[in-house]
Structure formats: C-alpha cells, structure tokens
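Notes follow once the structure below has been shown.
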There are 2 protein chains.
Amino acid sequence: MSAEAATGEAWEDITPDAARRLVVAAVQAFAERGYHATTTRDIAGRAGMSPAALYIHYKTKEELLYQISRVGHQRSLDMLREARDGGGSAADRLAAAVRAFVRWHAEHHTTGRVVQYELGALAPDHYGEIVALRRQSEDAIRAIVAEGVAAGEFDVPEVPGTTLAVLSLCIDVARWFNPAGRRTPDEVGALYADLVLRMVRAEGGPVADRDRPEAGDGGLQAVQDLPDPPETADRRRSDQQ
Amino acid sequence: MSAEAATGEAWEDITPDAARRLVVAAVQAFAERGYHATTTRDIAGRAGMSPAALYIHYKTKEELLYQISRVGHQRSLDMLREARDGGGSAADRLAAAVRAFVRWHAEHHTTGRVVQYELGALAPDHYGEIVALRRQSEDAIRAIVAEGVAAGEFDVPEVPGTTLAVLSLCIDVARWFNPAGRRTPDEVGALYADLVLRMVRAEGGPVADRDRPEAGDGGLQAVQDLPDPPETADRRRSDQQ
DNA sequence: ACCGACGCTAAGCGCTTGCTCACCCGGCAG
DNA sequence: CTGCCGGGTGAGCAAGCGCTTAGCGTCGGT
C-alpha cells in the first residue's frame, strides 16, 4: 500500500472522479498548511484542474472541509461503537477501541490532522453538527470505562476525566505521527492500548500481554517524531508522496 | 486572578507597554482564530492601536508568533528541567513535571494553544529553533522516565514511546481545556499526574495518593470540555474576557 | 445531423490582506 | 523658543484571496 493510497482510500466512494480528487487534494493541503493557509487555487492545482472547477462540485471551500470532517468523524464514531459493542471483557473492548482509533489516526494522519485540528474553521452550523458527533465518540469510550469500573475490572480516579484523557491521548496521535518515523501504525496502536489499560489499572489482562510490543529495545534513540517542516517555497506537486 | 490576567501575566517583562499589549492581543487572536485567520488589523485593534503601529514594535506578523512561541517553549522547558533536577524519587519528579506542565497549559490555555498548535506557521529558521527546544523538552521527560526504569521504580513497555505519549497527553490539554468547564487547572494537573504514574506503573507512590482527587464523583456528566465555537460574526472586542 | 447537458476553462470582479509612507504630536535638552 | 526624536496615525499600495461568469469542447440520445 502506497502512501498516496493511504490518503485516498478512505474516499473511494465519492463520485464523480473529479470530486474525489478534489477531496484528496484538499485533505493533503489542509493537513500540510492548515485550512486558512490553503487556497482554492492550491487545491484545484493538486487535483489537476483549474480553480473554477472546484465550484462545480462544491459550493465553497468550507464545504470541502465539512465533507472531510463529517466523514472522518463518522468513521471514528463507527470504529469506537463497534469496539464498545464487541465481545469480551471491558479491558478487551477498551484495548480494541484504542487500537483501532490510534491505528486509523496514524495510518490516515493527514486526514486525522484535518479532522481533529481544523474543525474551528467550520461554519457555525456545521461546527455544531460535528461537535455532536464528537460527543457521541466520547460517550462510546466513557461507556466502556464505566462498565469496566462497574464490573470491578477497572480502577480509575474519575470516569469522565479518565475518558477525556484517553480520547485526548489517542487524538493527538494525528498531530505527531510521522510515517517516516520508526513506528508503524500497528505498533503505535498496540503501545497505546497497553498504556491505556495501565491508566485504568486493568490487571495485566490477556489483551495487554498479547499485544504488547517488545519491551526495552534499549538502543532506540528517542528523537521525537516531528510533523513536516513548514514550506514557504511553493513546491506544490513536487513530492505529493 | 482575572481571566485577562491569566493571559497577560506571562508577558509582564516585555517593554514598552505597547509591545506587551500587542503580544497579549496576538495570543488571544491566534488562539481564537488561528494564526492565518488572524489579521494584523485584528491584533492592532485588540491592543487599541492603529494597524500601522504594530510595525513599530515588530517587523512582521510572523515575528509576533515567533516571540510567543519562543517564550512559551522556553518556559515549558524550564519547568520540565526544574522538575527533572528536583529532589525525590523518579515518581515524585515525574509527577511534579506533569503537574506543572499540565497546570500551566490549562491556566494559560490560550498561550498554550498558540505555542503548541501554531508552530507550523513559523518561518523555516524560526521553526528549526523551536523544534530544538521541543526536543530538549522531550529529553527532560525521557530522562526522568529512564531513571525510574533504571532504578527499578518504573515498568514501561518502551521508554521512548512512553515518553512521547506522556508529552502528547500533556500538550493536548491546551486544546481541550475550557476555563468555564468543571475542572480547575490544579485538578487537571493532579489527575494527569496520577494517570501518568499509572502508565509507568509506579507502585502507588506517595505523590499519587497525596494528590489524587476524590474518586468516583458519580453524578458528573462527562460532556467533553469544548473549545470556543467558531465566530463568523466580527464580534472582536465585545467579550474579550 | 442536430442539440442540450455536462464538465471544464480563461478571465476577471470585488474585496481583504500584510505592510509602507508621509505626516503628526507631545516631551525634553539646549 | 527651537529642534529633535520616539511613538503614533490615516491613507493607501501591490498582491492575493474566494468566488463568478461567459463561453468552449465533447458527449449520448434522437
């Protein structure tokens, strides 16, 4: 699977073809430069079209962001609910939720960056809609945590606060993950599932042991995975990965 | 302490007065709308000056962001190093680091938001400088974690990855913290210190117990603390808190 | 052969942006 | 009183912005 495919594969059901190319181009541009720093000319250029062609498929630049945000949030919510309603102990389900959510945000870190960090640029009504989805995502995680606590499986200092921390930890993966770094999305997902089970003091559950990566690979240098450096030069299509 | 003071107090040593007012205004504007969506007219307006006055004190809009970013990162680094070099066990020092870092990012969440999420808008050379500071911050935390592991005090799946997760968790506080929410900066700091000690399996240390907030305040609804809604209307100075 | 629909482009409109420039004003040394 | 100087303003420039409009080529259906 190429890196380009990783950006594009989530949008395969968008038609016509030109509309899908525009979404993919917008995701890349928004992730690199941010919504406000991205021009409609840039998006259209990446999609191989003239600036005016954008407005045949989308009414405004903001509608593009809205589509991206809506689909991404819905996808996140579906993942979390699937984990919540899956089988196994609360620890199994919490680990599954974290693993899936984190893996997706690492794999699709460009999309994730737009989804998680650009929603402030949405129009007020669209923003409200997205916030509702986010609340439901939080509800899904909190349900798992609360069930684990009720079953005596977890021990947490405070359910809402712990839920918030878990969600926050997972979301932030989209910010720092670098595909050129040393960790694969699977590895980050497994590591984070382990760390989250520790946060809720799930006593060395089977999932934690099964998925834990090898401990103490001592020589690894811990230079932080860094987001792409800013680009003042207008390289545009030179390395569209 | 007023909310305005919370934004302003970190910049008291900037002179002359007009330059400081501009920084405070820029922090608020960048935090609310993002760097690219903020106009120099907006900044100058909030500071009670004409647009041209900005350029008497700062060469460009980017230089304002650079000042904010530099001071904020330096302050973060100082806090983390102070905790690292403080006394006590590794658990004590890790908890102190997290508590201070998180409390600052909650208290000064506007500044924190700019510092942590707008660095992509920096010019390449300024960006490089800031990245160096961030690496040193990561080094400070990793040192504490590594020492705890070496002393047999911590048990972590992987030192670099755990360090990254701890830092990421703390940074993201600036994104979601809402001063109108139910948690004070102190409470969030204590909660996070507890959660981080769990991540490294520091066995129920004194710090964790001393600072842990009351557990299981059941009735609390877990609606996520949300960032300010977007504003299309140009309210500007109406509720500058 | 004709035609309307569709996808697209070249050109550009109205506006906002970051930033500049000529000028102004109050305080203070000589 | 005079001259200077740091801090400030009003007006505005060049460039770039989101978006529109008039028109063009290429289709499938009749």
Side-chain angles (χ1 to χ4, degrees), chain A residues 14-27 29-30 32-69 114 118 120-124 126 230-237, chain B residues 14-27 29-30 32-69 114 118 120-124 126 230-237:
Chain A
I14 292 184
T15 52
D17 180 74
R20 200 191 64 252
R21 268 157 45 218
L22 281 167
V23 176
V24 172
V27 166
F30 291 163
E32 273 177 34
R33 304 166 166 11
Y35 174 81
H36 287 292
T38 299
T39 69
T40 54
R41 286 161 176 81
D42 186 10
I43 297 170
R46 287 175 193 248
M49 310 158 66
S50 80
L54 191 153
Y55 295 91
I56 294 163
H57 302 283
Y58 299 96
K59 278 201 291 283
T60 62
K61 181 173 107 169
E62 191 268 348
E63 195 187 293
L64 260 169
L65 176 64
Y66 171 59
Q67 292 290 347
I68 294 164
S69 201
V114 178
E118 300 293 332
L122 288 167
H126 290 161
E231 301 278 347
T232 35
D234 201 1
R235 63 187 168 103
R236 205 145 294 193
R237 5 198 49 256
Chain B
I14 293 184
T15 53
D17 179 73
R20 200 192 62 252
R21 268 158 45 219
L22 282 168
V23 176
V24 172
V27 166
F30 291 164
E32 273 177 34
R33 305 170 166 7
Y35 174 81
H36 287 293
T38 299
T39 68
T40 54
R41 285 163 176 80
D42 186 9
I43 298 169
R46 287 175 193 248
M49 309 159 65
S50 80
L54 192 152
Y55 294 92
I56 295 165
H57 302 282
Y58 298 95
K59 278 201 290 284
T60 62
K61 181 174 109 171
E62 192 267 349
E63 195 185 296
L64 260 169
L65 176 63
Y66 171 59
Q67 292 291 346
I68 294 164
S69 201
V114 178
E118 300 293 332
L122 289 167
H126 290 162
E231 300 280 346
T232 38
D234 201 1
R235 62 184 170 106
R236 205 145 294 194
R237 5 199 48 256

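Naming convention: chains lettered A, B, ... in sequence-line order (proteins, then strands); numbering from 1 in each chain. Hydrogens, waters and symmetry mates play no part in the numbers below; they use all other heavy atoms, side chains included.
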Quickly work out the B/Arg21 CZ to D/dG7 P distance and round it to whole Å. 13 Å
Please determine, for the side chain of A/Ala52, which listed nucleotide (C/dC8, D/dT21, D/dC19) has the closest atom? D/dT21
Tell me if a side-chain donor or acceptor on B/Tyr58 pairs with a main-chain N or O of B/Ala19 at a distance below 3.5 Å. yes
How many whole angstroms separate atom CD1 of A/Ile43 from atom P of D/dG16? 18 Å
If we only count heavy atoms from C-beta on, is the B/Tyr66 to B/Thr60 side-chain gap below 4.5 Å? no
Choose from C/dC8, D/dG18, C/dC19 the nucleotide whose nearest atom is closest to any side-chain atom of A/Thr39. D/dG18
Atom CD of B/Glu62 and atom P of C/dT17: how far apart are they, to the nearest Å? 19 Å
Quick one: on DNA chain D, does A/Lys59 or A/Ala37 contact a more 5' nucleotide (nearest heavy atom)? A/Ala37
Any side-chain to backbone donor/acceptor pair from B/Thr38 onto B/Ala29? Under 3.5 Å, distance only. yes
To the nearest angstrom, the OH-P distance between B/Tyr58 and C/dG18 comes to 17 Å
Would you please confirm or rule out a distance under 4.0 Å between OP1 or OP2 of C/dG18 and any side-chain N or O of B/Thr40? yes
Going by modelled atom types, is there a donor-acceptor pair between the base of D/dG16 and the side chain of A/Arg41 at under 3.5 Å? no
Could you give the CG-to-P distance, from A/Asp42 to D/dC19, as a whole number of Å? 15 Å
Just by distance, do the side chain of A/Lys61 and the backbone of A/Leu54 share a donor-acceptor pair under 3.5 Å? no
Minimum-distance nucleotide (side-chain atoms of A/Tyr55 versus C/dC8, D/dG7, D/dG18): D/dG18
Rounded interatomic separation in angstrom, taking CG from B/Leu54 and P from D/dT9: 11 Å
Where the side chain of A/Thr60 is defined as all heavy atoms beyond and including C-beta, which of D/dT9, D/dC19, C/dC19 is the nearest nucleotide? D/dC19
Under 4.0 Å between a side-chain N or O of A/His36 and OP1 or OP2 of D/dC17? no
Would you tell me if any nitrogen or oxygen in the side chain of A/His57 comes within less than 4.0 Å of OP1 or OP2 on C/dC8? yes
Between C1' of C/dG7 and CZ of A/Arg20, the distance in whole Å: 16 Å
I want to check something: taking the side chain as every heavy atom from C-beta on, are A/His36 and A/Glu118 in contact at a cut-off of under 4.5 Å? no
Distance check needed: D/dT26 P versus A/Ile56 CD1, whole Å only. 16 Å
